Amino acid sequence: MRKLPKTFEPGSFEERWYSVWEKDGRFQPSGAPGSPRFVMVVPPPNVTGKLHIGHAYGRTIEDILARWKRMLGFRVLWVPGTDHAGIATQMVIERQLAKQGIARRDLGREKFVERIWAWKREAKDTIQAQMKRLGCSLDWTRERFTMDPDLSRAVRHVFAKLYQEGLIYRGRYVVNWCPRCETAISDLEVVHRETEGSLYKIRYDVAGGPAGAVVATTRPETMLGDTALAIHPDDPRTSKLRGRTATLPIVGREIPVVEDAILVNREFGTGVVKVTPAHDANDFAVGQRHDLPAVVVIGPNGKMTAQAGEYAGLDRFEARKRIVARLTDEGRLTSEPYRNSIGHCQRCDTVIEPYLSEQWFVKIRPLAEPAIRVVEEGTIRFVPDAWTKTYFEWMRNIHDWCISRQLWWGHRIPAFTCPNGHVTVSEDDPPSCPTCGAAPLEQDTDVLDTWFSSQLWPFSVFGWPERTPDFEDFYPTDVLVTGYDILFFWVARMIMAGLHFTGKAPFSTVHLHGLVRIGGEKMSKSKGNVIDPLEAITEFGADAVRFTLASAAASGATVSVERGRMAGSRNFATKLWNAARFTLSSLEGQDVPEDLAGRSLSLPDRWILSRLSGVARDVNRQLSEFRFDEAAASIYAFVWHELCDAYVEMVKPVLSGREGTEDERGSARGVLSRCLLDSLALLHPFMPFLTEEIWDKATGRPGTLIVAPYPTGETLRNDPEAERVIEAVRALVTRVRNYRGERGASPTEPVELWIAFDSPDPDLAASLPAVAPLLRHLGRISELRFEAPPGAAFRDVVSKLSLGLRVRETDADSGSGRLEKALAEIEQEYDGLSAKMRNPSFVDKAPPAVVEKTRRRLLELEERRAALSAGRS
RNA sequence: GGGGGGUUAGCUCAGCGGUAGAGCUCCUGCUUUACACGCAGGUGGUCGCAGGUUCGAUCCCUGCACCCCCCA
């Protein structure tokens with residue numbers, strides 16, 4: 001046993017313990033294959049930069065689970081890794097280049113991708129270092145990246161298989177297109193935002209219809225691509241337009257009026273709708289139904305195409321301005337203010353342009369159905385359960401998934417075209433066209449959506465589709481921990497892919513946690529309220545940061561983290577440190593019994609062991625329910641308020657030799673030691689560094705707390721009797737102390753205390769003489785008598801004990817207000833409860849236990865009122 | 001437009017059928033030989049508003065107000 005330094009400096013040991021654990025292989029699963037295991041894969045962070053506090057939160061939760069399960073004896077495997085994050089990472093590099101005035105096309109695909117790889121290596125190192133500082137017990141020997149060769153093979157395998165199954169198809173459709181990124185994106189990557197804009201009404205001339213037809217639109221520039229007007233077949237307002245032809249303003253093109261009951265909403269607008277098949281998904285469908293041509297007037301870069309005639313080359317918004325001006329001049333256009341929802345690119349916030357282009361899609365319904373079923377059947381459960389409904393809503397209304405991206409960073413689509421135009425999809429690069437034998441073949445230039453590879457993460461990390469030993473041993477995983485914001489993006493798709501390709505649900509429990517907010521506000525660099533995890537760790541220590549995050553982990557959608565709470569956690573760490581210093585100095589050079597079973601224990605000893613047992617049970621239950629906040633609070637309250645505030649203060653006189661026998665001293669040392677070690681173990685998943693550091697000094701077994709057994713409370717006795725007596729002692733001591741306050745006496749002023757044996761709880765009163773020295777010491781009681789208090793004493797009832805108090809030097813009036821207040825409160829509660837008891841239907845209908853409890857409470861109030869009234873004057 | 005969540009002490013949040021809890025803050029005392037990142041004591045809440053169900057509602061139901069999120 002060694003001494004702890006007087007001051008607590010987390011920076012002095014955190015990194016040391018991490019390397020000890022890593023060197024000793026503690027992060028790798030140990031134990032025989034087939035023995036109970038616990039497996040998680042980390043949600044791979046994007047290699048776009050560094051981790052923020054939100055990542056630290058999720059990883060802290062996972063590490064708590066991993067360490068807890070490891071200490072419970074499971075073979076724990078927690079797999080680390082990173083995600084290439086196609087569009088996001090590509091943007092990071094594009095921005096870097098833009099600062100030097102270079103566009104990615106200037107550099108060329110090969111050079112550009114090389115550059116991203118260099119960045120990726122750096123970002124991965126940064127992220128890895130951050131997770132290590134945080135203490136994450138990840139198995140770094142199994143670290144993966146979504147573009148590793150074997151994970152890329154899994155992607156190609158999956159693409160080819162889905163294609164063969166007819167679940168991947170290629171076609172020309174209107175997709176969400178970002179003109180800044182110049183790529184298609186999926187529905188999920190479009191962020192809709194209410195925007196103040198205008199609703200334009202444009203009059204089209206109609207052959208034979210003198211009044212013309214007025215259409216409403218928010219995007220007048222698309223009129224250049226109109227190829228029809230549409231009316232509802234049953235709308236009398238527009239029936240005179242039936243079968244006629246309109247003339248497209250500016251362009252002069254003759255376009256038909258078609259009847260379409262699906263597109264045209266009779267309740268909205270003028271009843272006439274312009275149809276632009278190339279620039280609106282609904283209009284595209286109309287075009288299919290009525291065999292209309294599609295004219296692309298806005299190009300992939302957001303500029304007008306040659307089809308836009310005189311507007312060709314203009315930016316789409318500039319074209320809008322000019323077209324509005326011209327139509328206004330021609331007397332064809334009016335506008336009014338209008339709020340509508342406009343789609344923006346999730347990554348760069350550019351307004352999305354629906355754009356007709358050739359893309360690859362996943363036919364998703366056949367995959368969604370089994371994925372719905374596993375959740376319905378409970379094979380997979382969401383924690384908290386509220387997300388189940390959201391999951392079902394989305395899965396039951398799911399749309400086909402556009403998976404091709406016109407990017408350079410990512411998995412290239414394994415589709416090959418021969419000189420004769422035959423398309424081959426293949427897991428391996430085909431040397432020549434399987435159809436006609438021609439060569440060379442050209443691979444599709446597009447890459448896949450990042451989520452197409454991340455959906456395979458829970459099994460691709462184990463080498464699937466090879467049946468590797470790791471895949472056999474560790475798949476399916478147990479728990480997935482991630483933010484609810486990627487429930488659709490990632491979780492749902494992993495479930496679909498896992499079931500389809502491995503035949504098994506990829507995990508059994510999904511814990512969806514809230515998103516971190518600082519002081520109730522979303523983190524953002526512009527608000528300057530971003531907490532950098534490394535800065536926080538440097539200032540407060542990794543353990544304090546982790547404990548704060550765990551404490552904040554309630555089940556709501558937002559997780560509020562504040563610096564004040566970090567400081568609170570740091571204070572708790574310091575408290576534990578000092579408690580350990582005290583304990584170690586008390587045990588130093590002394591005989592410390594390890595086996596407490598055969599010893600006679602004092603009431604405080606029995607009490608704290610009983611509480612330790614209770615807390616251990618609570619913490620295990622709370623962790624199994626993913627209530628990290630409650631588990632953290634349980635340990636905090638036990639260590640600080642029961643072990644430190646109460647037990648340590650109770651046994652100080654015994655330990656110091658002022659009180660008690662040698663045998664009692666030995667017991668106290670054994671109990672204190674046991675409490676410290678078990679507290680360290682209970683707290684280790686939350687505060688791994690500090691607890692390991694103290695454990696080392698306390699046991700001399702460096703680096704072994706991480707694999708020490710986790711206390712479950714089962715080996716200790718639940719001792720209600722000891723709890724009852726000690727809780728009474730604590731209540732009495734508190735009452736004595738605030739009695740001093742009421743009387744304006746100084747805290748050192750001796751108080752006389754009488755406790756009557758004929759108290760409302762005589763059994764309890766009878767057991768108190770055994771702890772008389774304790775009462776005297778803690779309450780600074782000069783005279784303690786077990787008899788009815790004299791008339792001159794102030795009387796009260798505490799914990800069903802009738803007592804009298806007297807302090808010599810008093811400023812009698814100073815606390816009298818409090819007595820009046822106490823009596824008034826008693827009176828109020830008494831009136832309320834007695835009214836209840838007088839209500840026959842309460843006595844009749846309420847559960848007997850509740851009635852009995854109310855009756856007893858009433859008696860207590862009576863006792864207390866009588867005592868306080870007697871003590872008045 | 002559809003769906004989900006929230007509104008509890010000055011602040012940040014737990015609780016969710018038997019008249020309210022934590023941390024931080026605040027106030028008053030304390031060099032009580034582990035700890036002032038501490039010790040002891042205390043202040044502070046008609047649990048958003050209005051109805052309903054119930055013997056009883058912060059908790060369940062309905063409506064309203066305000067806030068947040070998701071989907072279209």
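Heavy atoms only: backbone and side chains are in, while hydrogens, waters and symmetry mates are out. Throughout, a chain's letter reflects where its sequence line sits, starting with A, and its residues are numbered from 1. Please read all numbers here as calculations on a predicted model, not as lab measurements.
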Checklist entry - Which part of the nucleic acid, if any, lies within contact of A:Val843, taking any heavy atom under 4.0 Å across all strands shown: a base, the sugar-phosphate backbone alone, or nothing? => result nothing
Next on the checklist: What contact category does A:Ala633 fall into here, base, sugar-phosphate, or nothing, at under 4.0 angstrom with non-hydrogen atoms?
Outcome noted: nothing
Checklist entry - Heavy atoms under 4.0 Å, any strand shown: does A:Phe572 hit a base, just sugar-phosphate, or nothing? => result nothing
Checklist entry - Taking the six-membered ring of A:Phe582, is NZ or CZ of A:Lys652 closer than 6.0 Å to its centre and within 45° of its axis? => result yes
Next on the checklist: Under 4.0 Å, heavy atoms only, any strand: does A:Lys389 hit a base, just the sugar-phosphate, or nothing?
Outcome noted: sugar-phosphate
Next on the checklist: Tell me the interatomic distance from A:Arg627, atom CZ, to B:A22, atom P, rounded to whole angstroms.
Outcome noted: 17 Å
Checklist entry - When the distance from CG of A:Asp831 to C1' of B:U19 is rounded to whole Å, what number comes out? => result 13 Å
Item to check | Pairing nucleotide - B:A22, Watson-Crick or G-U, each distance under 3.5 Å | outcome: B:U12
Item to check | A:Pro847 side-chain proximity, nearest of B:U12, B:G18, B:G38 | outcome: B:G18
Checklist entry - With a 6.0 Å cut-off on ring centres, are A:Phe361 and A:Trp401 close enough? => result no
Checklist entry - Is it the case that more than 12 heavy atoms not belonging to A:His399 sit under 6.0 Å from its NE2 atom? => result no
Item to check | Under 3.5 Å donor-acceptor pair, A:Ser841 side-chain atoms to B:C55 base atoms | outcome: no
Checklist entry - Can you check whether A:Phe13 and A:Phe689 have ring centres sitting under 6.0 Å from each other? => result no
Checklist entry - Out of B:G42, B:C70, B:A72, which nucleotide sits closest to the side chain of A:Asp187? => result B:A72
Checklist outcome for this item: If pairing means Watson-Crick or G-U wobble with both distances under 3.5 Å, then the partner of B:U7 is B:A65
Checklist entry - Considering heavy-atom distances to RNA chain B, does A:Asn738 or A:Lys836 have its closest nucleotide positioned more toward the 5' end? => result A:Lys836
Checklist entry - Checking all strands, does A:Arg581 fall into the base, sugar-phosphate, or nothing category for heavy-atom contacts under 4.0 angstrom? => result sugar-phosphate
Checklist entry - Under the 3.5 angstrom rule, does the side chain of A:Asn839 hit a backbone N or O of A:Ala835 as a donor-acceptor pair? => result no
Checklist entry - Is a donor-acceptor contact shorter than 3.5 angstrom present between the side chain of A:Arg565 and the base of B:C24? => result no
Next on the checklist: I want to verify a distance call: between B:C71, B:U19, B:C69, whose nearest atom is closest to the A:Glu829 side chain?
Outcome noted: B:U19
Item to check | Pairwise P distance for B:C47 and B:U19, with rounding to whole Å | outcome: 15 Å
Checklist entry - Under a 4.0 Å N-O cut-off, is there an ion pair linking A:Glu562 with A:Arg565? => result no
Checklist outcome for this item: Considering only heavy side-chain atoms of A:Arg780, the closest of B:U19, B:U32, B:G38 is B:U32
Checklist entry - Reckon A:Asn839 touches a base, only the sugar-phosphate, or nothing at all at heavy-atom distances under 4.0 Å? => result sugar-phosphate
Next on the checklist: Whole angstroms only, please: what is the NZ-P distance between A:Lys845 and B:C55?
Outcome noted: 4 Å
Checklist entry - Roughly, in whole Å, what's the span from CG in A:Leu643 to P in B:C39? => result 13 Å
Checklist entry - Using a cut-off of 4.0 Å on non-hydrogen atoms, how would the nucleic acid contact of A:Gly832 be classed: base, sugar-phosphate, or nothing? => result base
Checklist entry - What integer distance in Å separates A:Glu742:CD from B:A40:P? => result 18 Å
Next on the checklist: Any base atoms under 4.0 Å from A:Ser746, or only sugar-phosphate, or nothing? Heavy atoms, all strands.
Outcome noted: nothing
Item to check | Rounded distance (Å) that lies between atom P of B:C16 and atom CD of A:Glu630 | outcome: 8 Å
Checklist entry - How many Å lie between CG on A:Asp645 and C1' on B:A40, as a whole number? => result 10 Å
Next on the checklist: For a quick check of understanding: with a heavy-atom distance under 4.0 Å over all strands, which category does A:His641 fall into, base, sugar-phosphate or nothing?
Outcome noted: sugar-phosphate
Item to check | Gap between atoms CG and P, on A:Asp485 and B:G5 respectively (whole Å) | outcome: 18 Å
Next on the checklist: Heavy atoms from C-beta onward define the side chain here; which of B:G18, B:C35, B:C70 lies closest to that of A:Val850?
Outcome noted: B:G18
